[in-house]
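Worth saying up front: this structure is predicted, and the values here are computed from it rather than measured. Residue numbers begin at 1 in each chain, while the letters A, B, ... track the order of the sequences.
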Amino acid sequence: MKELVPLLVGIPLGTAFLIVILAHVRGLSRLTGLLATAVVAVNLLLGVWMCIAMHDGAAPAIWAGEWNGLGRPIGIELVCDGLARLMVVVINMVALAAIIFAASYMRRFTTVWLFHSLFLLMTGAMNGVVLSGDLFNMYVFIEVAAIASYGLVAFGTESEELEAAFKYLVLGVLASTFILVGITVLYSLTGHLNMAKMAEGLRRLPKPEGLSASPAVLLAAACLLGGLALKAAMVPFHAWLPDAHPSAPAPISAMLSGVLIKAAGVYALARIVFTVLGVNPYYANILIALGVLSMVVGMFLALGQWDLKRLLAYSSISQAGYIVLALGVAAEVLSRSPPDRAVAGLCLLGGLFHLFNHAAFKGLLFLSSGSIEQATGTRQLKQMGGLARQMPVTGFCCRVGALSIAGVPPFNGFFSKIIIIIALALAGRPILCAVAVGVAVGTLLMYVKVQRYVLEGAPTQRAVRESPWPMGVGMAILAVVCVLGGLAILPLKEYLFDPAGKVLLDSVTAAGRLAMGATP
Amino acid sequence: MKGMTLIVRNVAGLISGFVMMYGLYVVATGHLAPGGGFAGGVIIMAGVVMLVLAFGGDRAKALLDEKRCHVIDASGALVFAVVALLGLFLGGFFKNFLPVGKVHEFFSGGTILISNVAIGVKVAAGLVGIFLALIVATRQVMPKE
Amino acid sequence: MTIDLFILVLVAFMVVAGLIAVEASDLLSAVIAVGAAGFALSVIDLLLGAPDLAFPQVLVEVITVVLLIRMIMTRRDTSRQTPRDTLRTAAVLLAGGVFLVTAFLAAGGLGMTGNIPAFGDPLLAKDAHADAAGAPVLAEDPVGVSAQYLAGSASQTGAANTVMGILLDYRGYDTLGEATVIFVAILGGYVVLRKVGRKRGSEAQPS
Amino acid sequence: MGIAIYILAFACLLTGVYALVAKKNIVRIILGIAILEYAVNLLLVLVGYRRGGSAPILARGEAPAALAARAVDPLPQAMVLTSIVIGLSVTALAVAMAIRLYDKYGTFDMNDIRNLRG
């Protein structure tokens, strides 16, 4: 089992290189789409199998190259613990739906093999981010995923997409630079790049009186949290998202909103706050502030939108705010003098479950908006109408997505929001609980509006045909996940969310840090 | 895209051979002296681009158009990925499976030499490709939107 | 101490070159100023004992300047001096001020403990240093990891150049990511430089 | 003296950030990206320097322990090499986008681009 973990990153990258060669061989250039879909499917199966096989035992520490110095393993460590496995499943699930959807959606673009190669590179890089236990290695793979997404956002090379991609590139470089400055300062303080050993080093660091941490650690934390908040499109830094996501091709905006801002942003924030910097009230309050700001501002901006994809992009910011808020409150509860593990566990369960659900229904909504845009040729809500009858499959999937993001009971959105709201109440934060409920209601209104204008009402356009079958299959996969997510919550909790939550909970106790691969 | 004056063309013709040879040297002795795959690749690219700029893009197109750059670039990357994955089956991921020779010998680095050459080829071909694309792109008039 | 003086002068030169690049009215002089900053960094690399960095830094510098000049020469620069929107500049300067004060404290400004080690005395010095007689002393329980890289590189990886040993063997997984970064950027370049992105008749109507 | 060097390095970083945030000309933004990359590489190299240390390359016949005692920290150098590669890649991509933006909009000024976009 241990040897298979690096394959999750090795296969997509190797295949991406292969695709560029195959594309220039006369007969094989049509194979690239099939090859890419096969690789993503294999990754998903590998991820699910690892979740089932490793859900009880401790995560095996895999060192790239098995080098050792003075008896201790050195080099880069691949960590395949609960949190990493959850993220691998989420990434490859949305990637599979997007790549199947892209089979027919990308027919309107030229040189599609470029798309398949960049798509595999982005997915492989995100697997690399999630699996790496080494801070600099995580930075390199965040950079690979980001540069791949700059290219993919500008895939249509039209004036509006180029301008959005350039602004996204500029802010991405700014964020990456601050992340690297943070890593440099942490390396100078601890001498290690491995997250577990770095955490030990930071704990042993002498603190000046008065401050909770030395100025250097605060500087590093500010740079890292700032850079990652920008990658996760939290509100003060969200300017790039409402331009970049709508102008990207639909499968790419589904991947960006559904997974990239989580794998490169929210996941990295959780890893660094819980594991490297250690849980303390300062960072927890920063996370809570970011979460609340994103939820509220994202929702209000989304309510006023009439462009379907921009509305979905703003609503991604607000839903990502939910997850960060849940993680922040969990960190705050854990940093109290007697850390209340039960409530923190519930907060983490809610946050991670919402991360899983948001990837599913936001990906579904972006895919259906792409299908609608291809059929009707417009993204404006006012120019659509009555699509439920004209495009049954897309209409049904869009309704499933809209209902589950709005939090209507049988679907998965409802359960994760309820768990977060209950956890906030138990953690003794009534104001946050009220804000969470308010944003949930706002989201409900927003998606009633979407359903009203897109699905119901008199059909405004005549010649609207249902999209070809690959797009239907892509959307169906995520629709099934939305429905099953709510009903099959117990097995999901036992195999996916509990091991992931345990990783973050244990990171507080010293024992947890040792289990994460830091040899004594 | 027309080339430059006669003097520049002659000088470039003379020099670019040596530049590329020096680039190969830097790639090959990566594990003994400063330099290595990336720096050597960039030097080789500088040699090729000097030729392209001096003799004009059209003649360069015949010799090394973007398609061939793609293939060489991707094959260099593939060799590097295969070296990594091959290590996987003979022990750990990225294991240096070749015997490690005496320190200052040429063949002392095991897979380091192969990786260096793979990266050198990859960087050189890729950057030449992107440079050709940038030069050609700046010449033609885009259809105004 | 003279090395510190050289480094200080060169870093100051980089900062000034950066400011010139940002504020120069003519684009060409701005690009040349950035070129100068890059070369100053390359000299700093040499002074700080990093020939492996000075080499690619100079080359990358040359390529960046060639690319940028190539881009500027064939185009009119229509950008007139935009009016100073004071709010944005003030916000950036204020945030910059707070950042610099924190950086001053983080670099051990007021003698606080637990900050960035003094310049020239990294953690590595505690793990591996030469005692009075010049004989090397390696700490048994090293604080950092780079002492083990230095000690083990020749025997385990056979590379005399430790940086290359780290890059391709100890942390070869990083270099797989790095090779992918160049590959992705070049593919991204091709994507952007394609003449036609969408086939005719399937234009996206954003508005 | 050492603190002054660090402060100037962070100041160089801020220059890059100022160029990125406050400037509206695409070429200046790309210059800002280049300056940011240089500032981070500078910081990484400064952190690894050991007073009187020399390059981490084993001389002929030298014992590895002696190398460890005299050499500069090699790990930040490996990080800077990767960071230089990332810097070059991002700059090449930014230049490619800037060229296409100029061909589509005919100007390098982001404000004009936003107005033309309509």
Side-chain angles (χ1 to χ4, degrees), chain A residues 69-70 74-76 134-137 139-144 146-151 153-154 156-189 191-194 216 219 223 226-227 237 239 243 247, chain D residues 6 9-10 13-14 16-17 19-21 23 26 29-30 32-49 64 68 73 75-76 78-80 82-83 85-87 89-106 110 112-114 116-118:
Chain A
L70 302 175
I74 55 177
I76 298 171
D134 185 284
L135 207 50
F136 185 70
N137 194 27
Y139 165 75
V140 169
F141 278 115
I142 285 178
E143 201 59 27
V144 172
I147 295 181
S149 62
Y150 305 149
V153 163
T157 66
E158 297 205 1
S159 38
E160 188 213 86
E161 282 147 9
L162 280 171
E163 198 252 342
F166 187 76
K167 207 161 46 163
Y168 177 29
L169 181 141
V170 165
L171 288 172
V173 165
L174 193 64
S176 303
T177 308
F178 273 103
I179 295 173
L180 194 54
V181 167
I183 293 175
T184 316
V185 174
L186 284 183
Y187 173 74
S188 72
L189 294 173
H192 281 285
L193 282 175
N194 186 328
L219 178 71
C223 290
F237 318 104
D243 290 335
S247 55
Chain D
Y6 276 122
F10 279 109
L13 188 78
L14 285 183
V17 168
L20 233 56
V21 168
K23 286 300 159 189
I26 289 183
I29 290 178
I30 296 179
I33 292 176
I35 295 171
L36 267 182
E37 297 294 335
Y38 294 154
V40 178
N41 295 349
L42 173 66
L43 253 175
L44 267 166
V45 173
L46 289 176
V47 160
Y49 177 63
D73 190 344
L75 195 51
M79 289 159 80
V80 168
T82 309
S83 167
V85 166
I86 293 174
S89 314
V90 167
T91 312
L93 196 53
V95 164
M97 282 188 186
I99 287 175
R100 285 308 299 269
L101 276 171
Y102 187 86
D103 294 338
K104 290 274 161 76
Y105 289 105
M110 290 290 273
D112 302 351
I113 287 178
R114 186 156 302 114
L116 289 177
R117 196 154 56 96

For residues 38-45 of chain D, tabulate all N or O donor-acceptor pairs below 3.5 Å that involve a side-chain atom, not counting sequence neighbours.
residue: Y38(D); atom: OH; partner: E61(C); partner atom: OE1; Å: 2.1
residue: N41(D); atom: OD1; partner: S83(D); partner atom: OG; Å: 2.7
residue: N41(D); atom: ND2; partner: E37(D); partner atom: O; Å: 3.4

Original post:
Can you name the nearest heavy-atom pair linking K104(D) to E158(A), along with the distance?
Top reply: NZ-CA, 4.2 Å
Original post:
Checking heavy atoms, do the side chain of L219(A), its backbone, both or neither come under 4.5 Å from chain D?
Top reply: side chain
**OP:** Could you look at L36(D) and say if it's the side chain, the backbone, both or neither that has a heavy atom under 4.5 Å from chain A?
**Re:** both
Subject >> Min side-chain heavy-atom separation M79(D)-L193(A) under 4.5 Å >> reply: yes
Original post:
Where do Y105(D) and E160(A) come nearest, in terms of heavy atoms and distance?
Top reply: OH-N, 3.8 Å
Original post:
How many angstroms lie between atom CE of M97(D) and atom NZ of K167(A), to the nearest 0.5 angstrom?
Top reply: 13.0 Å
**OP:** Could you tell me which portion of A165(A) (side chain, backbone, both or neither) has an atom closer than 4.5 angstrom to a non-hydrogen atom of chain D?
**Re:** both
Original post:
How long is the gap from CG on L20(D) to OG1 on T177(A), to the nearest 0.5 Å?
Top reply: 8.0 Å
**OP:** Please determine, among V140(A), L180(A), L171(A), I183(A), the option with the most heavy-atom pairs under 4.5 Å with chain D.
**Re:** L180(A)
Original post:
Taking it one step at a time, do I29(D) and F166(A) satisfy side-chain contact (heavy atoms from CB on, under 4.5 Å)?
Top reply: CA-CA 10 Å; I29(D) 290 178; F166(A) 187 76; 4.2 Å; yes
Original post:
Does T82(D) reach the side chain of Y139(A), with side-chain heavy atoms less than 4.5 Å apart?
Top reply: no
Original post:
Can you find a heavy atom in the side chain of V17(D) that is under 4.5 Å from one in the side chain of F178(A)?
Top reply: yes
Subject >> Rounded distance [0.5 Å steps], CG in L169(A) versus CG in L93(D) >> reply: 5.5 Å
